[in-house]
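A short worksheet on the structure shown next.
We name chains A, B, ... by the order of the sequence lines, and we start the count at 1 in each one.
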Amino acid sequence: MPAVSFTGQPSERPPMYAVLSATRDGASVQLMGRDLQPVGPPDVTDRDGLPSLVHSLNDRRTADSPTSLRWVWADTTRWYPSLLAAGLRIERCHDLRLTRRIIRGSSLTADSHLAGRGEDHWDRATPASPPAAAPEALFDAPDDTFGGLAFADVDVLGEFAAQQDAISGSPSPRRLSMLVAAESAGALIAAEMSHAGLPWSAQLHDAVLTEALGPRPRLGDRPAILEDVRIEVAQALGNPSLNPDSATSLLRALREAGLDVESTRSWELQRIEHPAIEPLLRYKKLSRLMTANGWAWCDAWVRDGRFRPDYVVGGVVTGRWATSGGGALQIPHQIRRAVVADPGWTFVVADAAQVEPRVLAGMARDEAMAAAGQGGDLYSGIVATSALSTREEAKLALLGAMYGATTGASADLMPHLRRAFPTAIEYVAAAAAAGERRESVMTWWGRTSPQPGAWPTQESAARTAGRSWGRFTRNFVVQGSAAEWAMSWMAILRGQLSTLTLADRPDAGAIAPGAAPAPFGNHPHLVFFVHDEIVVHTPIECAGEVADLVRDAATAAGHLMFGDFAVDFPLSVAVVDCYADGK
DNA sequence: GAACGCTGCGCG
DNA sequence: AAAGCGCGCAGCGTTC
């Protein structure tokens, strides 16, 4: 079992904090003990001197603080990219902007001073844009404001104290500090993944596009194959100038051809027999490929063999990450062909199986569901209990339970699922009922659902809105807690990966002809994350070790959340040179 | 010509 | 088989 270093507890010696505040022309760092009393005078530096100051403090080890410092700062997106650019990493942080939002919103800290105050700049602050994606910086003054306040005027120490006070005064300080640590570790990981970038071959990307669409057309022209398919559709519908990209005119054309359709969605069209349908579905695929991930996308988002998504930690209400620009969380499987490891390197691609129902089993302490998931595929495990008869049925039923299906095949299977797993099903039903009563619900570690907006006064509309909000809160507890598991998984893994260091491998220089950018060098590092799936880019010789660490981290994350209530978190792990071969 | 809502589809 | 969760993004079509 790997040590869990990102949380700073439960077994470590007292941590030492390094509280980093902006000054007019640089920064100051105040070291503090666990009691939040200053240790020595602050170190002050100008902007250029910050990396070397951080470096020297990172290296500092004292009898009181054998572990690394936890850096406390207003906003990882404002500090960390430049430290990474200088070749530095830090081990742990407390991101006050992200954690402020959690603490202000959590039912666990509703009585704290922090929650009682009016909105201020901390609540208004948004993540800084990544350096490369901010061309406006050429024209405007550099953005040194934080939620409307000059960055140098932000009271970092005061905010940290207020947050610590809120956490320690809550009924479940352990849960909230786990969440705060995981969210902050997520902020570091997100910045590091953007810095490292996902290896991306523009050449292979072009090959995929050319095979599907024909050669790249000149600016303004349409790819030859796409246009050919459009003409096929248009002729089959007797409408030569048809533009299938217009849903309105396509629907009209389909109806004029005598087809009884409600919409132009692919799944609806699939069930229709007509010569236009096959080419139309083909057209939709190709058109989607070109507009979403075509040559223009590659030009815009791939630089120097890397795709650098801008991750937005906590960007989703549930705590899932979002991304802005480039659609990083929706990269089609088809285009993952272009994701290839550097020479001498490979990928460890790991996908966690059925995280949401497993987390549900842990939260509800549903022994039967946990047992069904033991060791392998949860859906098959459910079939083995005879609760449902096929894997597909089990999957459909479980998804329906977590999304709140009310009609159709999924809803029909619910009684069977409830009979087999009453405890788990009751857990999500209670979350739904709370939402219908307009009450908030919490994830396992205390992230709390927002208040619903205005409610309709008309009775049936109010009922509909209630059901809808109930489906949201039902899913919130599951999706949000799964996000907590995933962040813990990554954070633990990150801590373990950093132990595979050059120091252990004096000949490591020979491993990788083309090393990753500093500070990664020859070290395995995370390069991609999508909700329950991670990609580690690693020197080939470390791949086996990395795969083991990935599995161990999944197990450790499960224990971190649910203690000795045994819930398995099995992974599918692949060592592959191309991301498309990961599954 | 910018801003916005709608439709549709990619991902989990 | 085609609804029930969470997103981001592109293109269309309307509005200001």
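- Within a heavy-atom distance below 4.0 Å of DNA chain B, the residues of residues 249-264 of chain A found are A:S263, A:T264.
- Judged by atom type and distance alone, A:R474 does not reach the base of C:dG4 through any side-chain donor-acceptor pair under 3.5 Å.
- Residue contacts for A:L399: at a heavy-atom cut-off of 4.0 Å it reaches no nucleic acid atom on any strand shown.
- Nearest nucleotide to the A:V317 side chain, out of C:dA2, B:dC9, C:dG6: C:dG6.
- With C:dA3, B:dG12, B:dC11 as the choices, the nucleotide that has an atom nearest any side-chain atom of A:P332 turns out to be B:dC11.
- A:R471 comes within 4.0 angstrom of the backbone, heavy atoms only, and of no base.
- Taking atom CG of A:D532 as the reference point, atom C1' of C:dC5 lies 14 Å away to the nearest angstrom.
- Judged by the 6.0 Å distance and 45° axis criteria, A:R438 is not positioned over the aromatic ring of A:W469.
- Across all strands, A:V478 comes closer than 4.0 Å to no nucleic acid atom at all (heavy-atom distances).
- Contact annotation for A:Q270: base contact, defined as any heavy-atom pair under 4.0 Å involving a base atom.
- Rounded to an integer number of Å, the gap from CD of A:Q330 to P of B:dG8 is 18 Å.
- For A:H333, a side-chain nitrogen or oxygen approaches OP1 or OP2 of B:dC11 to under 4.0 Å.
- The existence of a salt bridge linking A:E459 and A:R463 is confirmed by a sub-4.0 Å separation between a basic side-chain nitrogen and an acidic carboxylate oxygen.
- Counted within 6.0 Å of CG on A:D260, heavy atoms from surrounding residues, nucleotides or ligands total 12 or fewer; the atom is thus considered open.
- Among the protein residues, A:G326 comes within range of the sugar-phosphate backbone only, with heavy atoms under 4.0 Å from sugar or phosphate atoms but none that close to a base.
- With rounding to whole Å, A:L329 atom CG is found 16 Å from C:dC5 atom C1'.
- Remark: the A:S324 side chain and the A:D310 side chain contain an N/O donor-acceptor pair separated by less than 3.5 Å.
- Within 6.0 Å of CZ in A:R303 there are 12 or fewer heavy atoms belonging to other residues, nucleotides or ligands.
- In this structure, A:R216 pairs ionically with A:D299, as a charged nitrogen and a carboxylate oxygen lie closer than 4.0 Å.
- At the heavy-atom level, A:R336 lies under 4.0 Å from the strands shown only through sugar-phosphate atoms.
- When each of A:E183, A:E484, A:E356 is checked for a salt bridge (charged side-chain N to carboxylate O under 4.0 Å, His left out) with A:R320, only A:E356 meets the rule.
- Among the nucleotides C:dC12, C:dA2, C:dG6, the one closest to any side-chain atom of A:N243 is C:dC12.
- As a whole-Å value, the separation of A:E356 CD from B:dG12 P is 13 Å.
- Between A:T318 and A:S324, the one whose closest nucleotide on DNA chain C sits nearer the 5' end is A:T318.
- Residue A:S246 is in sugar-phosphate contact alone, with no base atom involved, counting any heavy-atom pair closer than 4.0 Å across all strands shown.
- Among the protein residues, A:G327 comes within range of the sugar-phosphate backbone only, with heavy atoms under 4.0 Å from sugar or phosphate atoms but none that close to a base.
- At the heavy-atom level, A:F472 lies under 4.0 Å from the strands shown only through sugar-phosphate atoms.
- Looking at the side chain of A:A247, the nearest of the listed nucleotides C:dC7, B:dG12, B:dG8 is B:dG8.
- One finds no salt bridge joining A:E392 and A:K395 here, because no Lys/Arg side-chain nitrogen approaches an Asp/Glu carboxylate oxygen to under 4.0 Å.
- Distance noted for atom P between C:dG4 and B:dG12: 22 Å (whole Å).
- Within residues 272-296 of chain A, the residues that have a heavy atom under 4.0 Å from DNA chain B are, in order of number, A:K284, A:K285, A:R288.
- For the pair A:W321 CH2 and C:dG8 C1', the computed distance is 17 Å after rounding to whole Å.
- Checked against A:D123 for a salt bridge (charged side-chain N to carboxylate O under 4.0 Å, His left out), the options A:R101, A:R104, A:R97 give a single hit: A:R104.
- As rounded to whole Å, 7 Å separates atom C1' of B:dT7 from atom CZ of A:R265.
- Other residues, nucleotides and ligands contribute at most 12 non-hydrogen atoms within 6.0 Å of the CD atom of A:Q203.
- In this structure, the CG atom of A:L242 is 12 Å from the P atom of C:dC12, given to the nearest Å.
- Within 4.0 Å (heavy atoms only), A:R271 reaches sugar-phosphate atoms of the nucleic acid but no base atom.
- The partner of C:dA10, taking Watson-Crick or G-U wobble pairs whose two distances both stay under 3.5 Å, is B:dT7.
- Looking at every heavy atom in both residues, A:V550 comes nearest to A:V536 through CG2-CG2, 4.5 Å.
- Residue A:A409 is out of contact with every strand shown, counting any heavy-atom pair closer than 4.0 Å.
- Distance A:W297 CH2 to B:dC11 P: 14 Å, rounded to the nearest Å.
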Chi angles and distances behind the side chain to side chain donor-acceptor pair (under 3.5 Å) call for A:D377, A:Q354: CA-CA 8 Å; A:D377 181 66; A:Q354 306 108 23; 2.7 Å; yes

